[in-house]
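Take a look at the structure below.
No experiment lies behind these values; they were computed from the predicted model shown.
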Amino acid sequence: MTTLSLLIKNEPAVTAAALRFAKASSETNAHMYCVFFYGRGVLHATGLEKQFWSEWSRSVGARLVLCSASAETFGLTADDDFSVEGLGALVEAGLTSSKVVSFG
């Protein structure tokens with residue numbers, strides 16, 4: 001089985017393809033391990049995108065991780081769905097997953 005992780009580096013308006021990819025991956029045999037939001041990508045943890053990612057992660061069992069430095073820049077904190085971690089979480093996702101798909 002293929003294990004995937006996503007790296008999202010830009011705000012939702014620029015990385016709408018990430019949402020489409022996540023939806024499509026739900027219908028495949030691949031296991032989604034982690035979504036790491038970096039830079040302006042942490043803005044996915046706000047607004048309507050937050051609801052999508054929260055529901056999606058619960059249905060597929062993926063971890064949602066906000067880069068700690070980026071989250072601090074935008075004043076975001078951890079909650080029930082999104083954790084705040086350092087770049088080590090991205091390295092772990094890369095080592096654990098068969099592939100890391102980057103958006104932004």
Side-chain angles (χ1 to χ4, degrees):
M1 177 189 302
T2 301
T3 303
L4 299 173
S5 285
L6 303 180
L7 169 60
I8 301 177
K9 301 181 286 185
N10 231 322
E11 65 266 16
V14 177
T15 54
L19 295 168
R20 292 191 303 272
F21 185 88
K23 287 178 189 175
S25 72
S26 301
E27 300 169 8
T28 67
N29 198 18
H31 168 70
M32 191 63 67
Y33 176 72
C34 177
V35 182
F36 190 88
F37 301 92
Y38 177 79
R40 296 183 66 77
V42 298
L43 297 175
H44 280 264
T46 63
L48 295 175
E49 290 79 17
K50 179 178 182 167
Q51 182 178 354
F52 166 79
W53 287 113
S54 297
E55 291 173 2
W56 175 83
S57 72
R58 280 187 235 117
S59 71
V60 300
R63 293 175 52 217
L64 300 176
V65 180
L66 303 176
C67 170
S68 58
S70 301
E72 184 177 330
T73 298
F74 292 97
L76 301 175
T77 58
D79 61 20
D80 291 339
D81 297 312
F82 290 83
S83 63
V84 175
E85 301 178 39
L87 289 175
L90 176 59
V91 172
E92 176 191 344
L95 293 172
T96 304
S97 303
S98 306
K99 297 177 183 175
V100 176
V101 182
S102 179
F103 294 90

Let me check something: do L43 and V35 share a hydrophobic cluster, defined by ILVMFWY side-chain heavy atoms less than 4.5 Å apart, either directly or through other members?
yes
Kindly say whether L66 contributes a backbone atom to a donor-acceptor pair with the side chain of S70 at under 3.5 angstrom?
no
Do T15 side-chain atoms and G104 backbone N/O form a donor-acceptor pair below 3.5 Å?
no
Could you give me the CA-CA distance, side-chain angles and deciding distance for H31 and L4, then say whether side chain to side chain contact (heavy atoms under 4.5 Å, CB included) is met?
CA-CA 6 Å; H31 168 70; L4 299 173; over 6 Å; no
Among F36, W53, Y38, which one satisfies side-chain contact (heavy atoms from CB on, under 4.5 Å) with I8?
W53
Between L6 and L76, is there shared hydrophobic-cluster membership here, with clusters defined by ILVMFWY side-chain heavy atoms closer than 4.5 Å?
yes
Show every ring pair (Phe, Tyr, Trp, His ring centres under 6.0 Å) that has at least one partner inside residues 61-97, sequence neighbours left out.
F37-F82
Can you list every ring pair (Phe, Tyr, Trp, His ring centres under 6.0 Å) pair that touches residues 83-104, not counting sequence neighbours?
F21-F103
Going by the angle between their ring planes, with limits at 30° and 60°, are F52 and W56 parallel, tilted or perpendicular?
parallel
Hphob cluster co-occupancy, V91 + L7, side-chain heavy atoms under 4.5 angstrom
no
Walk me through whether L64 and H44 qualify under side chain to side chain contact (heavy atoms under 4.5 Å, CB included).
CA-CA 10 Å; L64 300 176; H44 280 264; over 6 Å; no
Excluding sequence neighbours, so at least two apart, what forms side-chain hydrogen bond (donor to acceptor under 3.5 Å, both in side chains) with T2?
none
Whether S54 side chain and Q51 backbone form a donor-acceptor pair below 3.5 Å
no
Between V42 and V101, is there a shared hydrophobic cluster once you connect ILVMFWY residues whose side-chain heavy atoms come closer than 4.5 Å?
yes
Suppose we screen for salt bridge (charged side-chain N to carboxylate O under 4.0 Å, His left out). Which residues come up paired with R20, at least two apart in sequence or across chains?
none
Taking only residues two or more places apart in sequence, or in another chain, which ones meet R40 in a salt bridge (charged side-chain N to carboxylate O under 4.0 Å, His left out)?
E11
Please, which pairs that meet side chain to side chain donor-acceptor pair (under 3.5 Å) have at least one residue in residues 83-104, sequence neighbours excluded?
S5-S97, K9-S102, Y33-E92, R63-E85, S83-E85
